[in-house]
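In what follows, chains are A, B, ... by sequence order, proteins preceding strands, each numbered from 1.
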Amino acid sequence: MTESAAGSAARQVVTRFAPSPSGHLHVGGARSALFCWAFAHGRGGRFILRIEDTDQKRSSDAASVGFLKDLAWLGIAWDEGPEYGGCGGGPNGPYFQSQRLDIYNREFERLIGSGHAYCAFDTPAELEAMRADAKARGVAYRYDRTRAVSLSKREVDALLAAGTPAVIRFRTPEGPITIRDEILGEATLPAGEVDDFVIRKADGFPTYHFAVVVDDALMGVTHVLRAQEHFNNTAKHMVLQDALGYPRPIYGHMPLIVNPDGSKMSKRDKDKVLRKAVKERGIATPPGGCVPAERWTRWLADSAVQLDLEEATALAAALDVTLPEINVDDFRRSGYLPEVLCNFLALNGWSPGQNIEKFDNAFLAERFDLKRVVKTPAKFDRVKLLSFNCDAVTGMAPERYVALSRAHGHAYHPAFMARLSDAQFDALAAASQPRSKTLEDLFRSNRFLALDDSEIRWSDAKAVKKHLIEGNPSGLDHVRALRGVLDGVAAPWTSAALEVAITAYAQSAAEGQLGKVAQPLRVAVSGGTVSPPIFDTLAILGRDSTLARIDRCVAAVTASATS
RNA sequence: GGCCCCAUCGUCUAGCCUGGUCUAGGACACCUCCCUUUCACGGAGGUAACACGGGUUCGAAUCCCGUUGGGGUCACCA
């Protein structure tokens, strides 16, 4: 490498997204990743993904993979990090903190050696008692190092040799600490605010504060962009950097994304919705046994207990409630487009100005800067997101819509896909695109197409009454007459041919009011009042199904009317 | 509660740094009307905000102070 290249490399912007793999990537995390990616890429820099799995109790490999998958789906590619789908690799690995313990241990030694850190043997119970005592006295709890540092080296070694559980604490220097932040400006924490925090846990793993500082330094991170909840932690990171002789990265703390009611977005929100519905309706046992009885009881009693995704989904379906989308994967399942999610997420906390709202990630990378990041938390407005998604879905090329819908169907509605031929699906997609807000709409509002003719039920009493029973002639009369008209339609059975025949019938029998015959027909073939345009609907169903459903409808409604 | 941060329509935000062009702009939502075979889309209008109180100034959404309100954080979680 030439000297000038080395010089420019040293100045290259490096950002990182460092999630802890407990649970799923939620939208707040996704936005952090997006901004980090955009900031680096807009400046010819590098974006690193690092997995902060230092909590052995909470981390899981499955969650790590889930994060990678979600990020990749969003189109947020990382230049360095775990290898997945063509992303990752790099010279600064490993990128899982659980694999970097020797590095941390080396740095712990340095800190102990230089007197910046010390071993402490307090038990969790003792610490708890000290916190309780401080609270009882109405004073802020700060760790008191007196006892720990009074131990001689020999005493410490003896305790360690005896296997006494020990943590390492950082000896925080006295004095106020001023944090400089590119988004929030400057803030000074008074002396004494930061106490001697733990940097190595009893299990030998580093705490977040320690690992994040070491890794950011070793990986050459120049800009730390993270959520505002980390703002106060920055003071800890700064004193650690000073003690370890690391350069200080530039900080930018981004506003949180919160629920519409202002509460923090949480994985528990789904359980919250379900619990509320269950309690409001006084449901005592899990409907359809969707949750094991013993778990059900514990779940109802303890708001900290969470249902699995499968259980929650089943229960939501049984209660007919919609679960709030929290995680990136939730939005994917719900049929949102990744580019729309990115666009919308970017608008929560940042805007390009000039009344521009619709843009892609390339534009974001080009225009994103810290100056335009707002300081206030954003309430996540799903309705506006839905509107954006609608615009994108209805506005995309039809071929793309068909392809995306197919993929979505195969991933989430295999049974539906199995019932329809390719030609039927193409026709359905063509009819659905203009009226779809998400990729899910096609499947959600056309279930009747994927049912066997014999499975259609006319159980919507209101619809049956209004569109089949009432009127003179009644809707059912029209349907009966239409049965003959349709039977007489010459092949091919196309939307256009059906339109000619049905419109002609409406002219002669309903004063040209298509609605008088379309709605009864719709109810007859679908069992409900909602479907794609009636001609398309019948064309997709085909002649045999259409006639069969009409016959069954006439028989069923006549029978129930006379009984 | 201590400490830190923040404050423009219901929501996301533009404007604030470099006071006047702001009778505060856009988007989503909402309301009205139109279109219409259901659903949805679309079209035309409309309602709607500078939290409050003091300053500074000829002039403040923009600068300063206070109040109130909101958020964050106080773990061997990250």
_Between the base of B:G72 and the side chain of A:Gln228, is one N or O donor paired with an acceptor at under 3.5 angstrom?_
no
*Integer angstrom distance from the C1' of B:C35 to that of B:C39*: 15 Å
*Going by the ring-ring contact (aromatic ring centres under 6.0 Å, His included) test, which pairs reach into residues 173-204 of chain A, not counting sequence neighbours?*
A:Phe170-A:Phe197, A:Phe197-A:His209
*Distance between the C1' atoms of B:G72 and B:A61, in whole angstroms?*
26 Å
*Run the ring-centre check on A:His230 versus A:Tyr251 and record whether the distance is less than 6.0 Å.*
no
_Within the 3.5 Å criterion, strictly below it, is a donor on A:Thr438 or A:Asn389 matched to an acceptor on the partner's side chain?_
no
*Cation-pi between A:Lys358 and A:Phe388: NZ/CZ under 6.0 Å from ring centre and within 45° of the ring axis?*
yes
*Of all the nucleotides listed (B:U13, B:A27, B:C3), which has the minimum atom distance to the side chain of A:Ser351?*
B:U13
*asked:* Near RNA chain B, counting only heavy atoms under 4.0 Å, which residues of residues 371-378 of chain A show up?
replied: A:Arg372, A:Val374, A:Lys375, A:Thr376, A:Pro377, A:Ala378
*Residue pairs fulfilling salt bridge (Lys or Arg N to Asp or Glu O under 4.0 Å) with at least one residue in residues 509-532 of chain A, sequence neighbours excluded*: none
_Residues within residues 125-133 of chain A bordering RNA chain B, heavy-atom distance below 4.0 Å_ = A:Leu127, A:Arg131
*Interatomic distance at C1', B:A24 relative to B:C50, whole Å*: 7 Å
_Under-3.5 Å donor-acceptor pair between A:Lys384 side chain and B:A27 base_ = yes
Pairs under 3.5 angstrom, nitrogen or oxygen only, protein versus nucleotides 41-45 of chain B, please.
{"from": "B:C41", "atom 1": "OP1", "to": "A:Lys437", "atom 2": "NZ", "distance (Å)": "3.1"}

*Sequence neighbours left out, what passes side chain to side chain donor-acceptor pair (under 3.5 Å) with A:Lys466? Give chain and number order.*
none
*Options B:U38, B:G10, B:C6, nucleotide nearest the side-chain atoms of A:Leu184*: B:C6
